[in-house]
Amino acid sequence: MAQDTSILKNRIKKVRAKLQAAKADAMLVTGAANVSYLSGFTGEDSWLILLGGKSILITDSRYTLQAKKECPICRIYQRKGSMIDAADILKKLAAVKIVAVEDKIQLAIFNLLRKKLPAPPALAFARKRGGGPVRIKPVKNLVESVRAIKDKSEIAAIKKAIEIAERALEKVLPKIRVNMSEAEIAAILEFELKKAGASPSFETVVAFGSNSAMAHHRPTARKLRKIDTILIDYGAKFNGYCCDITRCFAVGKVNNFYAKAYKTVLRAQTDAINVLKAGIEAKKVDEIAKKTIKSSKLLPYGHGLGHGTGLDVHEQPRVSVLSKASLQNGNVITVEPAVYIPGKFGIRIEDNVLITENGCEILSTLLKSEEVPLLKV
C-alpha cells in the first residue's frame with residue numbers, strides 16, 4: 001500500500017534542505033531503509049535519486065509493479081544492467097555538478113561511480129580547459145538525521161510493533177518448561193510474532209544462566225533447569241518499523257545476588273528515564289545510569305545505554321558516553337542498562353521511549369515490577 005504522499009514529500013523536503021546545506025545538487029540514496037523512508041518502497045536491491053523536484057527510483061523487472069504501487073511520488077526507472085547504470089541518469093543532467101552519496105556505500109561501488117560519471121554537458125568546455133568531472137561527495141547520516149525524528153505515522157507503527165511484541169511474550173511465558181532449550185523458546189516467540197502479522201526485528205536472544213552474561217548471545221541447545229535465570233531480548237517489526245525489548249526472569253527460586261543486581265539495573269533505568277527530555281545530552285543520560293550501578297558496587301555495562309529505533313532496529317541517535325548528540329523531540333530510543341557477571345548471569349532491562357519536549361513517554365511496559373519476575377516452570 002502506498003504511503004501518504006504528504007508525509008513522503010515532507011521527508012524529502014527536509015532531506016533536500018540538508019543537501020543544499022551540504023552544497024550538493026543531487027543525492028544517490030542506496031541504503032534500503034533510507035530508500036524506503038523517502039519513497040515508500042518496501043522491496044530490495046533498489047536505489048533512489050533525489051534532485052531538484054524529482055525523485056527517481058531505480059529498480060529492475062522483479063520490483064517494477066510493486067514500485068509503481070508503493071511509490072506514487074517517484075518516477076520509476078527500470079534498469080537493464082547493473083545498479084551502477086544509475087550513473088547513466090546522472091550524467092545526462094547538465095545541472096548536476098556534485099552528487100552526494102551515503103558514506104556507508106561500498107568502496108568498490110563508490111569507485112565505479114566515480115569512474116563512470118563524466119563531466120556534464122554544461123561543463124564540457126570547462127573540462128577542456130582544465131575543469132573536473134562530476135564530483136561524488138560522501139555524506140554522513142544525512143538521511144538518518146532526518147529519520148531520527150519520528151512523525152506521527154512512524155510512532156504509531158512502533159507502538160503497534162511493541163503491542164504485538166508484548167502480547168507474543170505474554171503467550172510464550174506460560175509455555176516455558178524445564179528442559180526446553182534456548183533455541184526452542186526463541187523459535188516459539190518468533191512464531192508468535194509472525195502469527196500476529198509481524199516479523200522479528202532481529203535474531204531473538206534467549207539466554208539461560210551464565211549465557212546471559214554475553215550481551216549478544218545466540219540461542220543454543222542449552223536446556224532450562226529447575227533453578228535458573230532467563231534473559232530474553234527480542235523485537236517485532238511491523239509495517240517496516242522495529243521495537244527492541246529485553247526482560248529478565250528467575251526460574252524456580254530468586255537468588256539474593258541476582259535480586260540485588262536486578263533491582264540495581266531497574267533503578268538505573270528509572271534514573272535515566274527520569275531525566276529524559278528534548279535537549280539533554282545523550283552521554284549525560286548514559287553517565288547517570290552507570291553512576292547508579294556503581295553506587296551498588298557493581299560493574300556497569302560496557303556498551304551504550306541505548307540507541308534510536310525505527311526502520312532499523314539500531315539507528316540514530318546513539319545514547320552512550322561516546323555520543324556528541326543531544327536528544328530531540330520525536331526521537332524514539334531504547335534505554336537498556338545492564339550488569340554482566342561472567343560465569344553467573346547477566347541482567348539487562350530494555351524499554352522503548354519516546355522523547356518529548358518536556359519529558360518522555362515509555363512505550364513498552366510489560367512485566368515491569370520492583371521485584372524479580374519469577375517463573376514457575
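Values in this document were obtained by computation on a predicted structure and should not be read as measured data. By convention here, the first residue in the shown sequence is residue 1.
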Expected output: side-chain [X] to main-chain [Y] donor-acceptor under 3.5 Å:
X	Y	result
Glu190	Thr204	yes
Thr264	Tyr262	no
Lys297	Lys294	no
Asp312	Glu315	no
Asp244	Thr309	no
Asp25	Lys97	yes
Arg79	Gly81	yes
Asp286	Lys283	no
Gln269	Leu266	no
Asn141	Glu144	no

Above 12 or not: heavy atoms from other molecules or residues under 6.0 Å from [atom1] of [X]?
X	atom1	result
Arg167	CZ	no
Lys344	NZ	no
Lys194	NZ	no

Specify the closest pair of heavy atoms between [X] and [Y], including all atoms of both residues, with the distance to one decimal.
X	Y	value
Ile230	Tyr258	O-OH, 4.3 Å
Val319	Ala282	CG1-O, 3.7 Å
Ala236	Ala165	CB-CB, 4.0 Å
Lys18	Leu142	CD-O, 3.7 Å

Hey, are the side chains of [X] and [Y] touching, using non-hydrogen atoms and a 4.5 Å cut-off?
X	Y	value
Tyr234	Val205	no
Glu361	Val353	no
Phe41	Leu48	no
Asn34	Glu102	yes
Leu224	Arg177	no
His303	Ser320	no
Val178	Asp228	no
Leu276	Val335	yes

Should Glu163 and Lys160 count as an ion pair when the cut-off is N to O under 4.0 Å? yes
Is any NZ, NE, NH1 or NH2 atom of the basic residue among Lys175 and Glu192 found under 4.0 Å from an Asp or Glu carboxylate oxygen of the other? yes
To the nearest 0.5 Å, atom CZ of Arg75 lies from atom CD1 of Ile56 at 4.5 Å
Nearest 0.5 Å, what's the OG1-CD1 distance between Thr246 and Ile347? 12.5 Å
Thr334 versus Glu336, side-chain donor and acceptor atoms under 3.5 Å: yes
Return yes if a side-chain donor-acceptor contact under 3.5 Å exists between Asp351 and Ser364, otherwise no. yes
Residue among Val339, Ile232, Val265, Leu231 satisfying side chain to side chain contact (heavy atoms under 4.5 Å, CB included) with Arg348: Leu231
Which of Asn329, Val332, Leu327, Ile280 passes side chain to side chain contact (heavy atoms under 4.5 Å, CB included) with Ile355? Answer is Leu327
Dump the intermediate steps for ring-ring contact (aromatic ring centres under 6.0 Å, His included) on His217 and Phe208, then the final yes or no. CA-CA 10 Å; His217 173 71; Phe208 300 159; 8.7 Å; no
Give me the one residue out of Lys69, Glu70, Arg62 that meets side chain to side chain donor-acceptor pair (under 3.5 Å) with Gln66. Glu70
Working for side chain to side chain contact (heavy atoms under 4.5 Å, CB included), residues Lys137 and Val101: CA-CA 6 Å; Lys137 180 179 182 178; Val101 296; over 6 Å; no
Can you list the steps and then say if Ile341 with Phe257 is a side chain to side chain contact (heavy atoms under 4.5 Å, CB included)? CA-CA 10 Å; Ile341 310 297; Phe257 185 32; 4.1 Å; yes
Classify the angle between the aromatic ring planes of His314 and His307 as parallel (below 30°), tilted (30 to 60°) or perpendicular (above 60°). tilted
Side chain to side chain contact (heavy atoms under 4.5 Å, CB included) evaluation trace for Val285 with Leu305: CA-CA 8 Å; Val285 186; Leu305 177 66; 3.5 Å; yes
Might you work through the side chain to side chain contact (heavy atoms under 4.5 Å, CB included) test for Ile12 and Ile73, ending with a clear yes or no? CA-CA 10 Å; Ile12 289 173; Ile73 66 171; 3.5 Å; yes
